[in-house]
Structure formats: structure tokens, C-alpha cells
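One-based numbering along the sequence shown. In each ligand, atom 1 is the first atom listed, and ligand 1 is the first ligand listed.
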Amino acid sequence: MTLPTHLLNTHLPLGDQRTGRFYGKDILSVSQFSRDDLEYIFGVAEAMRTMVAHIGTFDLLKGKILANLFYEPSTRTSSSFLAAMERLGGSVIPINEVRYSSVTKGESLTDTVRTLECYADVIVLRHPETGSAAIAANAARKPIINAGDGIGEHPTQALLDLFTIREELGSIDGLTVTMLGDLKYGRTVHSLAKLLALYRVKVNYVSPEILRMPPELVAQLRKRGLPQTEHTTLDAVLPETDVLYVTRVQKERFENMEEYESVKGSYIITAETMKRAKPNFVLMHPLPRVGEISPEVDDDPRAAYFRQMEYGLYVRMALLAMVLGKA
Ligand code: CP
């Protein structure tokens, strides 16, 4: 039964009102967000951070169920969505290893999603194919949150990355952001660059020649007025960098292992690199890392990658609350 709007808005506690600009919406790409949307999300994420610090777990999403559907490995995205739902009082159907689901019997993505929405209120999906989240969203009545679709996008990571920059440096406008590593296959940098185009920032890309940022994305962002430069070494841009965003060279995306061998280990951030960086810059990484940041750097206060993961919890709590109409 659908309650009349006047009852929803006047007779239920605030947390039961099903309203808000993201209520019932899919989160598929960062392209769907305006700068105003981002401020709204970050405001809710700030509130979640405060609530977790003060009371840990609360019942905003009590009775709601999340299906966590992962066709690719994940530690952070999968467990932070699970933790986010549980911190909000909801529960989770975890399908972290589709090998043990009916996917191995040949069930299609759309049938799997249609099945899970019979049991859950929202579905978080990670899948190896670009565009898979959009296909799932087309088939589903319930909100789909894209947790990474192949080399396409990773919108919730980009949101948490931007939230990290804002929390660590106070603002985003006026910064120089340098992205380093695998910029060809790295979905996190594709999504982050698109979001940064909403701000007054400069972006430097540092990568091996064969792992450059996709030229069509660079051209698209240039048209939107984002200043971008491309380099093969970090030296020239490190002194001006406020945010250094390091990425892993992703072995699993290469068809030719000789190519992978030729570029793995191209860049390693060490204590010596940190000496040449600005005193108030931040070093970020979506993780996992496989050698591109030396562990000797971990205790440097400018190394933000572990805090970055925690910010992800608050952003994902905010997104779940918003798509379920409770923020
Ligand atoms: N950053 C990120 O997406 O990590 P996981 O692959 O562990 O989810």
C-alpha cells in the first residue's frame, strides 16, 4: 500500500519520510552529478561521520536489505558497503563469489539482478564489463549502485576520493591534482577526472606511454574547460602537486603479459619522493597497492590512503540512505 504524501510527511518520524533528490535513483556514473549534488552528498557523508563517531550504529535503514553482488574481487568496496548498511541498521545479502551462485549455471546478469531485487531494496554491483551496471539498471526496478564496471567507471570510489580531498585539504577549487600509473585501464581515475572537471583545478597525468589516459576522455574534459597536461615522469609536476593520486598497474586488464612486464613497477613513491613534495600535499591511492607506494611512506602524515578508505564508509552510508529515501 502506498501512503498518501501528506501522511508520509506529517505523521511519520523524519527518518521515515521517503524523499530526497536521489530517492529510488541508480548510481551508475559520475556524469549524473552536478556540483550541487556533490555538496549535498558530502553534507550527508559529514553527518554520517559524526553519527558513527558518536553512536556507532543507528537504525536509519532498519528493515532494509542490500544485495552486494560482486563478479570481480573486492575488499574495500564490498566490505565498506556491507559495513555501511549494517551501521545504518539494515542487513546484507553478500554474493562476493558468484562462483557459488547460479551464475555458474549460466544465469544472465539481468536474471540475477531480477532475482535479487525480489529479496533486496538496493543492489550494489561490481562486474568486469563496461556498461554492465547500466544494463542491470535497465532490467531492475530497484536502485543499482555501480561498484565498478570493467574499465568503465567506479563512481562511488570517485565520490569518496573527492570527499577525501575536501576533508584533508579543506576545499577542491584551486588545487593541482596529479594522477599517476595506469590511466588507461584505471576506472577510478576516469571517474575522478570527470568529477574534477566540475571544479577549478588543474590535472596532470603521469603514465607510461602505453597506459595514457584515453584520448577521447582527455578531449571530452578539455571541451569542458579542464586544464590537463600529460607526462611520462613525475619529476616536473611533483613540486606543484597538491594531490598525488597513485594507481596500480592492473595485471588482470592486460591481454599481453609482456606488455604488463614492461610497465609494472614504472613508478614507486618512496620517502625520497615525499621529501620533494609540498609540505601540505596529500598522497592517495584507491588500493590495493602492489608496490607503487613503499610502506616506508605509510607513517608520513601526508599519506592519506588509509584515511581514504574510512571516508569511503561515510560516503557509502550517505548513498545508501539517499537512494532509499532516508536522507
Ligand atoms: N578501491 C577499490 O575498489 O578496492 P577493492 O577492489 O578492494 O574494492
Does one side chain, of D37 or S34, offer a donor that lies under 3.5 Å from an acceptor on the other? yes

Looking at Q157, which atoms of ligand 1 are within less than 4.0 Å of one of its heavy atoms? 1 (N), 2 (C), 3 (O)

May I ask you to identify the nearest protein heavy atom to atom 1 (N) of ligand 1, giving residue, atom name and distance to one decimal place in Å? P286 O, 2.8 Å

Has H154 got any heavy atom lying under 4.0 angstrom from an atom of ligand 1? yes

For F163 and F42, take the angle between the two ring planes, folded into 0 to 90°, and tell me which bin it lands in: parallel under 30, tilted 30 to 60, perpendicular over 60. tilted

Output the distance between atom OG (S262) and atom CD1 (I210), rounded to the nearest 0.5 Å. 4.5 Å

Pair R316, T156: side-chain N/O donor-acceptor within cut-off below 3.5 Å: yes

Could you find the nearest protein heavy atom to atom 4 (O) of ligand 1 and give me its residue, atom name and distance? R76 NE, 3.1 Å

For F22 and F33, I'd like to know if the aromatic rings sit close, meaning centre-to-centre distance below 6.0 Å. yes

protein heavy-atom neighbour closest to atom 7 (O) of ligand 1 works out as T75 N, 2.8 Å

For ligand 1, is there an atom lying under 4.0 Å from some heavy atom of R126? yes

So CE of M284 and CZ of F306: to nearest 0.5 Å the spacing works out to 13.5 Å

Within ligand 1, which atoms have a heavy atom of L287 less than 4.0 Å away? 1 (N), 2 (C), 4 (O)

